[in-house]
Protein chains: 2
Amino acid sequence: MVTIYDIAKNAKVSPMTVSRVINNSGNIRLTTREKVEKAIKELGYVPNSAARSLISKRTKTLGLILSDISNPFFSKVARGAEDKAVEMGYSVFMTNTDEDFEKEKNYINRMLSSRVDGVILSPTNNNSIKHIQKLNQHNIPVVLFDRTIDGFVGDHVLGDSYKGSRDLVKHLIDIGHEKIALVNGPHHLSTSRERQRAYVETLKLNDLSIHEHYISELDFRSVQSEDAHQILMKLMSLDKKKQPTAIFAANNFIAISIIRSLREMNINVPEDVSIVCFDEIEHVHFDPFFTVASQPALEIGRISAQYLIERLENDNLDEERIVILPPEIHIRKSSKPLIDKE
Amino acid sequence: MVTIYDIAKNAKVSPMTVSRVINNSGNIRLTTREKVEKAIKELGYVPNSAARSLISKRTKTLGLILSDISNPFFSKVARGAEDKAVEMGYSVFMTNTDEDFEKEKNYINRMLSSRVDGVILSPTNNNSIKHIQKLNQHNIPVVLFDRTIDGFVGDHVLGDSYKGSRDLVKHLIDIGHEKIALVNGPHHLSTSRERQRAYVETLKLNDLSIHEHYISELDFRSVQSEDAHQILMKLMSLDKKKQPTAIFAANNFIAISIIRSLREMNINVPEDVSIVCFDEIEHVHFDPFFTVASQPALEIGRISAQYLIERLENDNLDEERIVILPPEIHIRKSSKPLIDKE
DNA sequence: TAATTTTGTGTTACCGATAACAGAAAGCGT
DNA sequence: ACGCTTTCTGTTATCGGTAACACAAAATTA
């Protein structure tokens with residue numbers, strides 16, 4: 001491996017001079033600079049960042065810990081974060097927890113070991129605070145995105161789950177639905193709790209009742225699951241007075257598993273049941289189908305990276321900055337006005 | 001930052017002993033081991049991998065350079081590669097070139113600087129060989145996936161573009177289509193060339209003619225583009241004798257842009273035109289729509305990582321190993337038997 | 001019990017870069 | 001030509017680990 005010493009020997013200068021040429025620091029005579037640059041090109045020298053970061057204590061690397069890379073929402077966040085990071089001179093270590101706390105723990109240790117300068121995280125649950133504290137003990141700042149957790153102090157970049165959910169439920173009510181069920185994500189995630197809060201409040205505000213079984217829970221990653229089927233069976237076998245005519249799915253993958261289960265039961269969307277959900281579902285058809293609250297995923301990623309890097313390069317920042325980005329409601333074909341069948 | 005020296009002082013041993021405990025190397029008396037482990041826990045020590053790799057010359061890190069992370073095909077490859085790498089004790093640096101040669105160059109330099117042990121790459125074009133040579137000069141092995149390029153010697157993990165394409169085109173012919181157009185990806189990619197070769201040969205073998213304008217080219221990433229529209233306009237305004245009744249799209253995103261353009265022209269799929277394509281299109285609808293050649297993306301990622309790591313940990317491997325994984329043909333609703341309208 | 005092996009621990013040097021200091025060379029004023 | 005800046009370059013020590021060697025203590029063998 002070519003080192004700064006090889007360059008030094010080749011150009012007949014000291015290693016320090018080579019270092020200075022590389023970093024444009026100090027004063028170098030033009031002729032020496034040229035000698036050194038020639039040697040660098042000839043020998044194909046590339047600085048060793050391990051050696052650099054050993055002395056500089058900075059790696060110019062960010063850790064990005066996603067909960068589900070196969071969900072387009074998260075892969076877009078990743079893309080946004082990487083773009084912005086590179087733009088600002090940083091690299092990104094990207095990892096995937098699959099919503100698994102143990103995996104998260106593991107990756108946090110990896111991040112510590114590789115001495116990333118900061119971490120962008122969508123935590124798996126409230127216990128993740130332990131991981132964050134561990135990072136903070138090592139002076140590694142953390143930006144949370146998508147979700148927040150109890151006790152965290154620092155930058156957040158979130159979507160407005162509350163507002164998006166209110167708008168979705170309101171839309172259902174506006175088009176005549178009164179029996180609306182919620183298939184939520186896991187209650188240990190702040191997004192789920194916010195979405196449920198909005199759902200409950202919106203129904204109450206409109207004097208609509210929440211029947212038993214109307215609120216149920218699924219994993220955010222369950223595209224196809226037995227659990228979904230169970231939930232739908234229960235919902236659709238309620239007696240006519242209670243049987244929901246619309247369902248609010250807490251995220252895109254849950255919506256997909258719902259629509260699949262309904263299909264198996266020969267129930268049509270939107271003819272028999274309307275569905276709305278959080279997060280975009282990639283629509284590749286001629287005409288997009290799902291009524292959704294679409295979050296600005298790329299932007300969430302970009303801002304997360306930017307905030308993190310700003311914090312790294314600037315000590316005198318506020319204790320915490322919270323950005324809450326509103327989702328866009330797209331009304332499409334999965335929701336349709338209720339026509340009274342009686 | 002806590003170092004091995006702090007642990008040494010705390011446990012009243014030498015740094016070397018601490019190192020031995022951490023790495024389970026050499027013989028350590030049980031009592032000392034316990035002292036050291038206690039100190040490690042108390043001080044929250046995490047080894048500095050920069051320091052480690054400086055001396056060991058290995059980073060236990062792989063570089064993964066994708067051409068389009070927002071394409072589910074590639075994000076699945078990424079997932080597969082990361083899973084396997086972690087399983088084998090490596091981390092992954094993931095980056096995204098957007099099919100841009102300059103970005104690729106940039107990322108290769110980053111990889112060199114961060115001293116990844118090996119690189120998994122889907123090259124942007126034949127000139128990428130320069131980048132690969134640069135890596136090889138630094139003794140960094142490269143595994144190509146999805147695409148191959150001229151002059152590359154080393155491991156490849158590819159999908160069988162030729163076979164998949166033949167099967168798709170054959171399917172169209174079997175259900176009565178005779179006028180079949182190809183909207184290909186860029187000709188500088190091996191996958192495009194293979195898919196075109198299969199298309200041409202299959203038509204010839206069945207005595208079908210390839211009219212002028214039947215073969216055209218789009219970017220693999222163009223989900224929605226003016227170019228697509230232009231191409232479709234040209235195709236659909238051919239005179240009745242030549243107007244294609246079926247289109248073979250070289251990848252998923254091209255298929256999407258085609259179907260969108262057709263929609264704008266009020267042409268229905270599959271009633272008026274059948275479409276088949278390479279790569280899965282995430283079907284979230286009750287019933288999947290596209291007839292596709294689906295590649296085992298996860299497997300491509302996993303094998304790429306495995307081959308690379310094997311090569312890193314094993315000198316006496318063959319010069320090159322080429323895996324070609326067959327795609328699965330899924331016949332769905334976007335292709336339908338031709339009914340003669342005359 | 002002395003000789004030999006095994007076990008357990010420490011010392012020194014080094015990986016590749018750079019900060020801090022030192023000192024040589026060149027420029028400048030009188 | 002002399003001293004005094006300014007510009008340029010080199011030396012030394014260090015970042016946090018570990019390999020290589022050295023050596024004392026304990027265990028084993030003769």
Side-chain angles (χ1 to χ4, degrees), chain A residues 1-37 39-40 43-61 109-117 138-140, chain B residues 1-37 39-40 43-61 109-117 138-140:
Chain A
M1 193 91 309
V2 181
T3 75
I4 211 171
Y5 296 91
D6 302 317
I7 305 300
K9 208 175 285 174
N10 185 293
K12 293 188 183 113
V13 294
S14 78
M16 196 57 223
T17 303
V18 178
S19 173
R20 280 191 266 254
V21 169
I22 293 164
N23 297 289
N24 268 313
S25 59
N27 296 312
I28 305 277
R29 189 179 302 156
L30 188 64
T31 55
T32 16
R33 153 162 275 122
E34 280 166 349
K35 265 194 302 182
V36 172
E37 276 167 352
I40 288 177
L43 304 187
Y45 166 80
V46 183
N48 182 329
S49 39
R52 269 186 170 167
S53 68
L54 193 56
I55 190 147
S56 73
K57 314 272 190 195
R58 319 179 92 256
T59 53
K60 286 268 188 174
T61 299
N109 280 327
R110 243 164 227 271
M111 300 287 168
L112 281 168
S113 176
S114 62
R115 298 291 193 273
V116 295
D117 294 337
H138 292 259
N139 270 314
I140 300 176
Chain B
M1 193 91 313
V2 182
T3 75
I4 212 170
Y5 295 91
D6 302 317
I7 305 299
K9 208 175 286 176
N10 186 292
K12 292 184 184 116
V13 295
S14 76
M16 197 56 225
T17 303
V18 178
S19 172
R20 280 192 266 254
V21 169
I22 294 163
N23 297 288
N24 269 312
S25 60
N27 296 314
I28 305 278
R29 189 176 302 154
L30 188 63
T31 55
T32 17
R33 153 162 277 122
E34 280 165 350
K35 265 195 302 183
V36 172
E37 277 167 351
I40 288 178
L43 305 187
Y45 166 79
V46 183
N48 182 329
S49 39
R52 270 186 172 166
S53 69
L54 193 55
I55 189 146
S56 74
K57 315 272 190 193
R58 320 179 92 255
T59 54
K60 287 262 187 180
T61 299
N109 280 328
R110 242 165 227 271
M111 300 286 168
L112 281 168
S113 175
S114 63
R115 296 291 194 273
V116 296
D117 294 336
H138 291 260
N139 269 314
I140 299 175

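Below, each value reflects all heavy atoms present in this structure, side chains not excepted, and no hydrogens, waters or symmetry copies. The sequence lines fix the lettering, A, B, ..., with proteins before strands; numbering per chain opens at 1.
The side chain of A:Met16 sits closest to C:dA20 out of C:dC14, C:dA20, C:dG16. The listed nucleotides are D:dG10, D:dG16, D:dC21; the one nearest the side chain of B:Arg20 is D:dC21. With distances taken from any side-chain atom of B:Ser14 to the nucleotides D:dT9, C:dG10, D:dG17, the minimum falls on C:dG10. Out of C:dG10, C:dG16, C:dT7, the shortest distance to the side chain of A:Asn48 is found at C:dG16. Distances from the side chain of B:Thr17 to the nucleotides C:dG10, D:dG17, C:dA17 place C:dG10 closest.
Remark: A:Arg52 is in phosphate contact with C:dT18, judged by side-chain N or O atoms under 4.0 Å from OP1 or OP2. Between D:dT9 and A:Thr32, a contact under 4.0 Å exists linking OP1 or OP2 to a side-chain N or O. OP1 or OP2 of D:dT18 lies within a sub-4.0 Å distance of a side-chain N or O belonging to B:Ser19.
Mapping A:Met1 and B:Gly26 onto DNA chain C by nearest heavy atom places B:Gly26 closer to the 5' end of the strand. Between A:Tyr5 and B:Val46, the one whose closest nucleotide on DNA chain D sits nearer the 5' end is A:Tyr5. Comparing A:Ser25 and B:Thr31, the nucleotide of DNA chain C nearest to each residue sits closer to the 5' end for B:Thr31.
Between the P atom of C:dT7 and the CG atom of B:Asn27 lies a distance of 6 Å, rounded to the nearest Å. Protein atom CD1 of A:Ile4 is 13 Å distant from nucleotide atom C1' of C:dC15, rounded to whole Å. If you measure from atom CZ of A:Arg58 to atom P of C:dA19, you get 13 Å, rounded to the nearest angstrom. Taking atom CG on B:Leu54 and atom C1' on D:dT18, their separation rounds to 11 Å, with Å as the unit. The separation between B:Ile7 atom CD1 and D:dG16 atom P is 12 Å, rounded to whole Å. Atom NZ of A:Lys57 is separated from atom P of C:dT18 by 15 Å (rounded to the nearest Å). As rounded to whole Å, 7 Å separates atom P of C:dA17 from atom CZ of B:Arg115. The CD1 atom of B:Ile55 sits 12 Å away from the P atom of D:dG17 (whole-angstrom rounding).
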From CA spacing to verdict: side-chain contact (heavy atoms from CB on, under 4.5 Å), A:Arg20, A:Thr32: CA-CA 11 Å; A:Arg20 280 191 266 254; A:Thr32 16; over 6 Å; no
Trace of the side-chain contact (heavy atoms from CB on, under 4.5 Å) decision for A:Asn48 with A:Thr3: CA-CA 8 Å; A:Asn48 182 329; A:Thr3 75; over 6 Å; no
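Checking side-chain atoms of B:Ser113 against main-chain N and O of A:Val46 turns up no donor-acceptor pair under 3.5 Å. Without hydrogens or angle criteria, B:Thr59 side chain to B:Arg115 main chain gives a donor-acceptor distance under 3.5 Å. A distance-only check finds no donor-acceptor pair linking the side chain of A:Asn10 to the backbone of A:Asp6 [under 3.5 Å].
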